[in-house]
2 protein chains.
Amino acid sequence: MGTVSKALELLDLFTQRQPQLGLSQIAREAGLNKATCHRLLQEMEGAGFVEQTGPAREYRLGPAVLRLAALREAAVPTQAAAMPALRSLAEVTGETAHLSRLVAGRLQTIGFAYGTQHSMMVRMEDADFLPFHATASGMVVLAFQPDSLAAQLLGAALPQLTQSTATDPAAFLSRLPAIRARGHAETESTFEPEVHGLALPLFDANSACLGSIAVATPAARMGPDQRQKTLAALVKAAAEITRAWGGQLPPGLETLWRDVA
Amino acid sequence: MGTVSKALELLDLFTQRQPQLGLSQIAREAGLNKATCHRLLQEMEGAGFVEQTGPAREYRLGPAVLRLAALREAAVPTQAAAMPALRSLAEVTGETAHLSRLVAGRLQTIGFAYGTQHSMMVRMEDADFLPFHATASGMVVLAFQPDSLAAQLLGAALPQLTQSTATDPAAFLSRLPAIRARGHAETESTFEPEVHGLALPLFDANSACLGSIAVATPAARMGPDQRQKTLAALVKAAAEITRAWGGQLPPGLETLWRDVA
DNA sequence: AACAACGGTTCAAATAATGAACCGGACATA
DNA sequence: TATGTCCGGTTCATTATTTGAACCGTTGTT
């Protein structure tokens, strides 16, 4: 792996929960030598991608990334184009809707919206990575990848997040064709107890699946009626976002979804 | 210069006007070998920082930057914290307000807002770099840097953008003390003909100037009354943003601004 | 006083980056 | 159709950079 990849991987260590990291911690988590990390961080600091804060000299993401994101959104308005459909989805279902897409082999949260009816909601965090094996989003995205790619993205070690989490990669992969045939993925309590997930795939212009749209519901509120309503709203939102992104549904899926709605 | 810096510099080539670039063009503009560029871009593509589009195989910024920007804003809500004051500034003055900050030795546009009264406005673009020598924002930021840093940031070659643009670095630098004493910078037709600029500095917790807030007005609309109104609104907005950012005005400036308003 | 963890630095050894030349294809010109 | 040019991409011997164990000074704890 080249130096540049190593440097960019360091940026992945920053999360909502750990927005600031010390040098030693970065080196530890990245599995790199402290001196190497220091040099890489120096270079990235010079470009404004990270900055050092306060007396503890911790590192955090720098202001240069704001410019890049603004340019990206201006060139390819992925998030902005999807938000109306996402908000409408949250409103109609009354639940938490979220959007994720495949970025460099991981599933990245792009946006989310809350419904307004209920006081108890499934909480989402922006800019997170979702585990493929424990979320409806991850499952549906994997289900619509070529088999070998799906196995590769899934990886070998599946952390057990709840009692219901799948932990055997082979068993997990064997369930993907059924998801593909159904056109959506459904989970309950695989990511967090009492959280129900329902996800549909999103496609690019070549009918390749590059993300998903999903609704997360407290399990107690998910019955047959709510499930039907959620599915119908998801189909509508998925079609709208795919259109907004200039995507193309793979053959068969359109009719499959039409029956649901 | 290290490999990482070279790679990150490639990202600077992408702008609003050139959101997509071919390999040869990137190599040319960056002054690097084509093979080197190709390898750097490959690595960045693997991390989702750039992606290749269509049959021409041009490169553009990738979706990974969105996550970083979201995290940055969550950790340090620079833009979000400043937008209310910026919008209010645009509304009160009726003109185009914009906010910029120093990032890796350049002045980067962070946000802007338009007034609503007029149909003719000075147009702004987000995520641009502003020239130090031809904008009120650039001048006021330089004026509040240590002398040696100001000279370094300014550089040696000052492109002549209009008839009124300053082109001699030494002469330009000699005017900075007066700007610092006045507490604001003013330009007319130095960046683009018939555009008047008025800018105030913004400060961090150590009273170091890290950016500016400015109002751009069509020269035809800028008279004594409008100028006074704009200055007063700028003082208010600058104080508000400095406070929101946890900044500290340098001694003397507060009283200086109080007289203006 | 002893210890551990921190951020940061050093320098010989190991490794990765570099770039001139090259390839095949697309396009324009003649 | 022949010729030339520019494109994205690749190759590989040469070169220069990256690497990491050991180190430094500081800080906070026991």
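Letters A, B, ... mirror the listed sequences (proteins, then strands); counts begin at 1.
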Residues A/Ser100 and A/Thr109: side-chain donor-acceptor under 3.5 angstrom
no
Could you state the CG-P distance from A/Asn33 to C/dT10, rounded to the nearest angstrom?
15 Å
Is the B/Phe172-B/Phe132 ring centre distance short of 6.0 angstrom?
no
Would you say CD of B/Gln52 has more than 12 non-hydrogen atoms from neighbouring residues, nucleotides or ligands within 6.0 angstrom?
yes
C/dG7 P sits how many Å from A/Leu40 CG, rounded?
15 Å
I need the B/Arg60 CZ to B/Leu21 CG distance, nearest 0.5 Å.
12.0 Å
Against the side chain of A/Ala35, the closest entry in C/dT9, C/dG19, D/dG9 is C/dT9
When every non-hydrogen atom of A/Gln16 is compared with those of A/Ala127, the smallest separation belongs to NE2-CB, 4.4 Å
Within the structure shown, what part of the strands sits under 4.0 Å from B/Gln52 by heavy-atom distance: base, sugar-phosphate, or nothing?
sugar-phosphate
Quick one: do the A/Thr53 and A/Glu58 side chains pair a donor with an acceptor below 3.5 Å?
no
Over all atoms of both residues, closest heavy-atom pair of A/Leu102 and A/Leu107:
N-CD1, 3.9 Å
Between its two end axes (five pairs each) the helix from C/dA1-D/dT30 to C/dA30-D/dT1 turns, nearest 10 degrees, through 30°
Side-chain N,O (A/His38) to OP1/OP2 (C/dG7) below 4.0 Å:
no
Just how far, in rounded Å, is P of D/dG8 from CD of B/Glu45?
14 Å
Does D/dT19 have its OP1 or OP2 closer than 4.0 Å to a side-chain nitrogen or oxygen of A/Arg39?
yes
Distance test, side-chain N/O of A/Arg57 to OP1/OP2 of C/dC6, below 4.0 Å:
no
Contact list for DNA chain D against residues 9-26 of chain A - heavy-atom distance below 4.0 Å
none
Think B/Lys6 has a side-chain N or O under 4.0 angstrom from the OP1 or OP2 of C/dT18?
yes
Across nucleotides 23-30 of chain D, 5' to 3', mark each nucleotide with B, S or - according to how protein heavy atoms within less than 4.0 Å reach it.
--------
Value for CG (A/Leu210) from CG (A/Asp204), rounded to nearest 0.5 Å, stands at 5.0 Å
Does a side-chain N-to-carboxylate-O contact under 4.0 Å join B/Asp12 and B/Arg106?
yes
Looking at D/dT17, I'd like to know if its phosphate oxygens (OP1 or OP2) sit under 4.0 Å from a side-chain N or O belonging to A/Thr3.
no
Protein-nucleotide distance (A/Gln42, atom CD; C/dT9, atom P), rounded to Å
7 Å
Taking only the side-chain heavy atoms of A/Thr36 (C-beta and beyond), determine which of D/dG20, D/dT10, C/dT9 contains the nearest atom.
D/dG20
C/dC6 OP1/OP2 closer than 4.0 Å to side-chain N/O of A/Tyr59:
no
No-hydrogen, no-angle side-chain donor-acceptor test under 3.5 Å, B/Gln160 and B/Thr165:
no
B/Leu32 has an atom CG; how far is it from atom P of D/dT17, in whole Å?
13 Å
Electrostatic pair B/Arg72:A/Glu51 at N-O distance under 4.0 angstrom
yes
Quickly work out the A/Leu41 CG to C/dG8 C1' distance and round it to whole Å.
12 Å
Output yes when at least one side-chain N/O atom of B/Arg28 is less than 4.0 Å from OP1 or OP2 of D/dG8, else no.
no
How about B/Phe14 and B/Tyr59: are their ring centroids closer than 6.0 Å?
no
